[in-house]
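The structure appears below as structure tokens.
Nothing here was measured: the structure is a model prediction, and the numbers come from that model.
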Amino acid sequence: MKEYKVVIIVGSLRKGSYNKKLANELIKLAHPQLQFSFAEIAKLPLYNQDDDEQPSKIVQDFKQQIADADGVIFVTAEYNRSIPGVLKNALDQGSRPYGKNVWAQKPAGVIGTSPGAMGSALSQQHLRNVLTFLDMPTLNQPEAFIQWNENIIDQHGNLLERTRIFLQKWLDAYSNFLTKQLN
């Protein structure tokens, strides 16, 4: 069976990030044909068009990691009902300069969690708008707006069975979507 390289980008920098925890749980549920790596976005400089001709090594390495991937999963928090600035910066770095968009045609999955009742729904919608412009085919269904609370994890921080089942269905759908997009 063919293996696919999938980069995970977590749109939260916090040490105890719920979205990083969610991303790690997705990796545990993955089929063997999905090989995951994290793209670290915390150290990317703020996008500045003046740097397009000579991007820093960290930007070059980031863009190469995305270029080498078969797909990308975005696991995003929601800040002020939109995507975190650090995630938008990563999207900008990967799409510039004009004509050198490493995101184009990379099958994307969008998922996220938040303690808020809407569970990152608005940030995911904003992210989907940006991904459309970046020419990333994106898994539309199932959507996964997860409210991080005691109803999805036990007292030790482990996912409850019903949460694992839901995440497994989402990951299976992404895996099938990725395979169809690339074949």
(request) Mind listing the closest non-hydrogen atom pair of Pro97 and Lys63 along with its distance? (result) CD-NZ, 4.0 Å
(message) Check this for me, if you would: do Asp92 and Arg96 make a salt bridge, where the nitrogen-to-carboxylate-oxygen distance has to be below 4.0 angstrom?
(response) no
(request) State the CD-OH distance between Gln147 and Tyr18, to the nearest 0.5 angstrom. (result) 11.0 Å
(request) Identify the heavy atoms of Pro107 and Asp70 that sit nearest to each other, and give their distance. (result) CD-O, 3.1 Å
(request) Kindly indicate whether a cation-pi arrangement holds for Lys2 with Tyr4, taking the cut-offs as under 6.0 Å to the six-membered ring centre and within 45° of the axis. (result) yes
(message) When you compare the side chain of Lys21 with that of Trp148, does any pair of heavy atoms fall below 4.5 Å?
(response) yes
(message) Looking at Ser17 and Leu13, would you say the former's side chain and the latter's main chain have a donor-acceptor pair under 3.5 Å?
(response) no
(message) Let's go through Leu22 and Val10 carefully: what are the C-alpha distance in whole Å and the side-chain angles of both, what is the deciding distance for side chain to side chain contact (heavy atoms under 4.5 Å, CB included) to 0.1 Å, and is it a yes or a no?
(response) CA-CA 9 Å; Leu22 178 61; Val10 177; over 6 Å; no
(request) Flag yes if Leu167 and Val110 sit in one hydrophobic cluster, no otherwise; membership is Ile, Leu, Val, Met, Phe, Trp, Tyr, and two members link when side-chain heavy atoms are under 4.5 Å apart. (result) no
(request) Taking all non-hydrogen atoms of both residues into account, name the closest pair between Ala121 and Glu78 and its distance. (result) N-OE1, 3.3 Å
(message) Is any side-chain heavy atom of Asp68 closer than 4.5 Å to one of Val7?
(response) no
(message) Measuring only between side-chain heavy atoms, which start at C-beta, is Asp51 closer than 4.5 Å to Asn48?
(response) yes
(request) Any chance you could measure Leu34, atom CG, to Leu26, atom CG, to the nearest 0.5 Å? (result) 10.5 Å
(message) Taking Ile146's backbone N and O only, do any of them form a donor-acceptor pair with Thr113's side chain (distance below 3.5 Å, no angle check)?
(response) yes
(message) If the condition is side chain to side chain donor-acceptor pair (under 3.5 Å), which residues does Gln49 pass it with, not counting sequence neighbours?
(response) none
(message) Using a 3.5 Å distance criterion without hydrogens, assess whether the side chain of Thr132 forms a donor-acceptor pair with backbone atoms of Arg128.
(response) yes
(message) Nearest 0.5 Å, please: how far is CD1 in Ile165 from CG in Leu160?
(response) 10.5 Å
(request) Indicate yes or no: at least one non-hydrogen side-chain atom of Gln168 is less than 4.5 angstrom from one of Phe166. (result) no
(request) State, with a plain yes or no, whether a side-chain heavy atom of Phe74 is found less than 4.5 Å away from one of Val130. (result) no
(request) Could you go through the side-chain hydrogen bond (donor to acceptor under 3.5 Å, both in side chains) check for Ser37 and Gln65 one step at a time? (result) CA-CA 9 Å; Ser37 65; Gln65 183 181 12; 3.2 Å; yes
(request) State yes or no: do Phe177 and Ile8 share one hydrophobic cluster built from I, L, V, M, F, W and Y residues joined by side-chain heavy-atom distances below 4.5 Å, directly or via other members? (result) yes
(message) Would a single hydrophobic cluster contain both Val59 and Leu87, if residues Ile, Leu, Val, Met, Phe, Trp and Tyr are joined by side-chain heavy-atom contacts under 4.5 Å?
(response) yes
(request) Report yes if the side chains of Tyr79 and Ser12 come closer than 4.5 Å at any heavy-atom pair, otherwise no. (result) yes
(message) I need the minimum non-hydrogen distance between Ala108 and Leu131, along with the two atoms involved.
(response) CB-CD1, 4.1 Å
(request) To the nearest 0.5 Å, tell me how far Ser82 OG sits from Gln125 CD. (result) 11.0 Å
(request) Mind listing the closest non-hydrogen atom pair of Asn89 and Pro45 along with its distance? (result) ND2-O, 3.0 Å
(request) Return yes if some donor-acceptor pair links the side-chain N/O of Gln35 with the main-chain N/O of Lys5 below 3.5 Å, else return no. (result) no
(message) Surrounding CD of Glu161 (heavy atoms of other residues, nucleotides or ligands, distance under 6.0 Å), is the total greater than 12?
(response) yes
(message) With heavy-atom distances below 4.5 Å as the criterion, would you say the side chains of Ile73 and Leu171 are in contact?
(response) yes
(request) Kindly check if the number of other-residue, nucleotide or ligand heavy atoms within 6.0 Å of CD (Gln54) is above 12? (result) no
(message) I need the Arg164 CZ to Lys28 NZ distance, nearest 0.5 Å.
(response) 9.0 Å
(request) Determine whether Leu134 and Leu139 fall in the same hydrophobic cluster, where Ile, Leu, Val, Met, Phe, Trp and Tyr are linked whenever their side-chain heavy atoms lie under 4.5 Å apart. (result) no
(message) Would you call the rings of Tyr174 and Trp170 parallel, tilted or perpendicular, taking 30° and 60° as the class edges?
(response) parallel
(request) Measure the spacing between CD1 of Ile9 and CG of Leu127 and express it to the nearest 0.5 Å. (result) 9.5 Å
(request) Consider only side-chain heavy atoms of I, L, V, M, F, W and Y, link residues closer than 4.5 Å, and tell whether Ile27 and Val72 are in one cluster. (result) no
(message) So does Trp103 get a backbone contact from the side chain of Asn101, meaning a donor-acceptor N/O pair under 3.5 Å?
(response) yes
(message) Any side-chain to backbone donor/acceptor pair from Lys106 onto Ala69? Under 3.5 Å, distance only.
(response) yes
(request) Would you mind listing every ring pair (Phe, Tyr, Trp, His ring centres under 6.0 Å) that reaches into residues 26-52, with sequence neighbours excluded? (result) none
(request) Decide yes or no on side chain to side chain contact (heavy atoms under 4.5 Å, CB included) for Ile58 and Asp61, but give the supporting numbers first. (result) CA-CA 5 Å; Ile58 194 164; Asp61 291 347; 5.7 Å; no
(message) Determine whether a donor-acceptor pair (N or O, by modelled atom type, separation under 3.5 Å) exists between the side chain of Thr138 and the backbone of Met136.
(response) yes
(message) Testing the basics here: between Ser175 and Gln33, what is the closest heavy-atom pair and its distance to 0.1 Å?
(response) OG-NE2, 3.4 Å
(request) Decide yes or no for Ile111 and Asn19: does some side-chain heavy atom of the first lie under 4.5 Å from some side-chain heavy atom of the second? (result) no
(message) Given 3.5 Å as the limit, does a donor-acceptor pair link the side chain of Ser123 with the main chain of Ala77, or not?
(response) yes
